[in-house]
Asker: 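Here's a structure for you.
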Amino acid sequence: MSPLGPRPPRAHASVDNLRTYLLDGADTTPHRPAVIQAAPGGGLETVTYEELTARTDRCAEALDALGLDVGDRVVIESDTSADALATLLACATLGLPFVPVAPGLPDERLHAIIAGAEPALYLQAEDGTRTGIPEPVGTGRFGPGGPALERAPAPRGPRRRRVVTPVDTAYIIFTSGTTGRPKGVVMSHRGVVSFLRGVRASGFLTAEDRVAGTAPLQFDFALFDIGFALSHGAALVPVPRDRLSWPRRFLAFLREAGVTQVDAVPSLWRPALRHEPEALAALGESGAVRGVLFSGEAFPPGELRALQKLLPKARFINLYGPTEVMAISVTELPNPLPPEAERLSIGTAVPGAEVTLIGTDGRVVDGSGTVGEIHVRSTSLFSGYWNDPETTRTALVPDPLDPASGRMVLKTGDLASVGPDGCLYFHGRADSQVQIRGNRVELAEVEVRFAAFPGVTGAVAMVLAQDDDEPRLHVFVTRTADGPAPDAKEITAFVRAGLPAYMVPHHLHLVDAFPLTPNGKVDGTALRALASS
Ligand code: HFR
């Protein structure tokens, strides 16, 4: 047959491809656990690297028989599981960009993603309950035996591409765009593999580790957990969603599964800190949990200290970065945090990336302590926003240090300064620098002051411009569940004693818990609605 014969597209073994990189080690450790997951009938089941490879290849063969071309999108709706991994690795094998979404996404949101991505195929897990996927998208379900087609994808044109190259798209993650229309972050195989290779150099994981993954599949944190665990030959332990919502059950699952590292957004720890401190401490004592990796938002220092006190032997890793570059830095924080630390270090850029801080004047900021906007040069930059070159141009900008080169860097919208230790310190979003009565206010500073008051367990500050009058500072505070909770007057008096008048909020809202986004971050939009209700 001609070299363009019917053999399935494949990435050459020596070039970057997500499947090749993650299953590379499989043949050296075929019997080691790749995924340890809740079994349907209760208890746990283990899928070895050998079994995961077999399921991946079975799925790839079935998908290849559909005649899809490199670049045809496949939406995968599922919790993280061995079968979901086999399906997304099969897509990676064939160069089919996967669009991961977690179950429970509202129909409207899923249909908006489908309208944007125009996928050839939509696949859900065997027990998935989704119906009504719009034509002409093909539909099916996947299980241990591979995918079972329900509706064939619309007839495709002739196959154009027979090779999967590193610049082809591995996945597209749709995040909430500021315009309300979801933005598709397009990530290439080269981007994701070079990032995973970079963080592997950090030495934070060994093949003996069991990594608990808690992020929903549409969050690249989940893709990180998969990549981080598999690229080390470790075991991924997806935490079932119904375990996440109850701290006692969550901690019990971690213990039952022998988890050694827990990957989660900071907000996920709040209920366990509040309601199950002893069970948390027991998990630390047993020495099983020796790593806590967090990302997605700044871990409030007060809450981080409380967690460190319960897990004195664990290492705490702060992973920072926007989905447009997977992440920028992976940093081990001291345990315990120094008492005077009010801001967490986000360390230095991962191998293969470099951060430049740019001031509002467009020049590189110099000297430690000066705040600038994080720009990052890296092989892990995303390819662009799906079908949106205009918005892409606002994020991928000419390298300010070398504009003639044609090379682009990511303008993150995040602010940081370089500390005397040479590490980056996060100063919030550029758009979270607010002016109150002409004074520049850093919301993080207000939050730290509130969280320092005994009995206050969390604080979120924001500016709301009610109607047309001047912007007003609002703070939402959660308080301890055990023992007498401080009242608004005491808290405000404490804050007034420590902050300039313009930083004392007009409105203090005492809430039981912070509303969270589907990705587990504090939901600012929901809080704003609360404030104006
Ligand atoms: C993010 C980005 C997480 C885990 C992130 C693994 C990988 C990648 C990620 C997740 C994320 N301290 N502020 C922090 N890509 Br691989 O959150 N992506 S995002 O695009 O949804 O949001 C923004 O969240 C950043 O620009 C920051 O503003 C904020 N952020 N991590 C941290 C953080 C403080 N560690």
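Counting starts at 1 for both ligands and their atoms, in listed order. Note that the structure is a prediction, hence the values are computed from the model and not measured.
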Asker: Once you measure the plane-to-plane angle for F228 and H232, does it fall in the parallel (<30°), tilted (30-60°) or perpendicular (>60°) bin?
Answerer: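 Answer is perpendicular, since the angle exceeds 60°.
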Asker: Do F426 and ligand 1 have an N or O pair less than 3.5 Å apart?
Answerer: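 In fact, backbone or side chain, F426 has no N or O that close.
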Asker: Between ligand 1 and K521, is the shortest N or O to N or O distance under 3.5 Å?
Answerer: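 Such a contact does occur with ligand 1.
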Asker: F294 versus ligand 1: do any nitrogen or oxygen atoms come within less than 3.5 Å of each other?
Answerer: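 No; the residue has no nitrogen or oxygen that sits under 3.5 Å from a nitrogen or oxygen of the ligand.
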Asker: Atoms of ligand 1 less than 4.0 Å from N318 heavy atoms?
Answerer: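 So the atoms of ligand 1 that pass are 14 (C), 35 (N).
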Asker: If only atom types and distance count, is the side chain of T412 paired as donor or acceptor with the main-chain N or O of I374 below 3.5 Å?
Answerer: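 Between the backbone of I374 and the side chain of T412 there is a qualifying donor-acceptor contact (under 3.5 Å).
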Asker: Just jot down the ligand 1 atoms closer than 4.0 angstrom to any heavy atom of R429, in number order.
Answerer: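 Those qualifying, in numeric order: 26 (O), 28 (O).
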Asker: Got the closest protein heavy atom to atom 5 (C) of ligand 1, with its distance?
Answerer: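 Here the nearest protein heavy atom works out to G321 O, 3.0 Å.
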Asker: Should F195 be listed as contacting ligand 1, given a heavy-atom distance under 4.0 Å as the test?
Answerer: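 Under 4.0 Å: yes for F195.
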Asker: Treating S188 as the side-chain partner and V167 as the backbone partner, does any N or O pair qualify as donor plus acceptor under 3.5 Å?
Answerer: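 Side chain of S188 to backbone of V167: no pair is present.
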Asker: Closer than 4.0 angstrom: is that true for some heavy atom of T412 and an atom of ligand 1?
Answerer: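 T412 does not count as a contact of ligand 1 under the 4.0 Å cut-off.
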Asker: Do me a favour and list the nearest non-hydrogen protein atom to atom 3 (C) of ligand 1 with residue, atom name and distance?
Answerer: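 Here the nearest protein heavy atom works out to S295 OG, 3.0 Å.
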Asker: Tell me which part of D414 gets within contact of ligand 1: side chain, backbone, both or neither, using heavy atoms under 4.0 Å.
Answerer: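 The answer is the side chain.
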Asker: May I ask you to list the atoms of ligand 1 that are less than 4.0 angstrom from any heavy atom of D220?
Answerer: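 Contacts of ligand 1 toward D220, numbered from 1: 5 (C), 8 (C), 9 (C), 10 (C), 15 (N).
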Asker: Before we go on, tell me: are the rings of F514 and F476 under 6.0 Å apart, centre to centre?
Answerer: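 Here the rings of F476 and F514 have centres that are no less than 6.0 Å from each other.
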Asker: Please tell me if the side chains of R363 and I358 come closer than 4.5 Å, counting only heavy atoms from C-beta onward.
Answerer: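 R363 does not reach I358 side chain to side chain.
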Asker: To check your reading of the model: name the closest protein heavy atom to atom 8 (C) of ligand 1, its residue, and the distance in Å.
Answerer: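 Nearest neighbour among protein heavy atoms for atom 8 (C) of ligand 1, to 0.1 Å: M326 O, 2.9 Å.
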Asker: Hey, which atoms in ligand 1 end up nearer than 4.0 Å to a heavy atom of F219?
Answerer: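 Answer, ordered by atom number: 10 (C), 11 (C), 17 (O), 21 (O).
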Asker: Between the side chains of R190 and D168, is the shortest nitrogen-to-carboxylate-oxygen separation below 4.0 Å, so that they form an ion pair?
Answerer: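 Not counted as a salt bridge, because no side-chain N and carboxylate O are separated by less than 4.0 Å.
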Asker: Starting from atom 18 (N) of ligand 1, which protein heavy atom do you reach first, and at what distance in Å?
Answerer: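 Atom 18 (N) of ligand 1 sits closest to the protein heavy atom T323 OG1, 3.1 Å.
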Asker: Any side-chain to backbone donor/acceptor pair from N335 onto A314? Under 3.5 Å, distance only.
Answerer: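 Judged by distance alone, yes, a pair lies under 3.5 Å.
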Asker: Is it true that K183 and D388 have a side-chain N and a carboxylate O under 4.0 angstrom from each other?
Answerer: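 So K183 does not pair with D388 through a salt bridge.
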Asker: What side-chain donor-acceptor pairs closer than 3.5 Å can you find for residues 294-305, not counting sequence neighbours?
Answerer:
unit_1: S295; atom_1: OG; unit_2: L319; atom_2: O; d: 2.6
unit_1: E297; atom_1: OE1; unit_2: V522; atom_2: N; d: 3.1
unit_1: E297; atom_1: OE2; unit_2: S267; atom_2: N; d: 3.4
unit_1: E297; atom_1: OE2; unit_2: S267; atom_2: OG; d: 2.6
unit_1: E303; atom_1: OE1; unit_2: R270; atom_2: NE; d: 3.4
unit_1: E303; atom_1: OE1; unit_2: R270; atom_2: NH2; d: 3.2
unit_1: E303; atom_1: OE2; unit_2: R270; atom_2: NE; d: 2.6
unit_1: R305; atom_1: NH2; unit_2: P338; atom_2: O; d: 2.8
unit_1: R305; atom_1: NH2; unit_2: P339; atom_2: O; d: 3.2
unit_1: R305; atom_1: NH2; unit_2: A341; atom_2: O; d: 2.8

Asker: State whether R130 and D107 are salt-bridged, where the test is any N-O pair (Lys NZ or Arg NE/NH1/NH2 against Asp/Glu carboxylate O) under 4.0 Å.
Answerer: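 Judged by the 4.0 Å cut-off on N to carboxylate O distance, R130 and D107 do form a salt bridge.
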Asker: Looking only at distances, please establish whether an N/O atom of ligand 1 is found under 3.5 Å from an N/O atom of F221.
Answerer: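 It does not: no N or O of F221 is found under 3.5 Å from an N or O of ligand 1.
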Asker: Is a donor on one side and an acceptor on the other found under 3.5 Å between the side chain of E373 and the backbone of L415?
Answerer: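 No; zero donor-acceptor contacts below 3.5 Å.
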Asker: Give the atom numbers and elements of ligand 1 that come within less than 4.0 Å of a heavy atom of A298.
Answerer: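 Once the distances to A298 are compared, the set is 12 (N), 13 (N), 34 (C).
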Asker: Looking at atom 31 (N) of ligand 1, what's its closest protein heavy atom, distance included?
Answerer: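 Sorting protein heavy atoms by distance from atom 31 (N) of ligand 1 puts G296 N, 3.0 Å first.
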Asker: Considering only heavy atoms, does T175 approach ligand 1 within less than 4.0 Å through its side chain, its backbone, both, or neither?
Answerer: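 The answer is neither; T175 stays 4.0 Å or more away.
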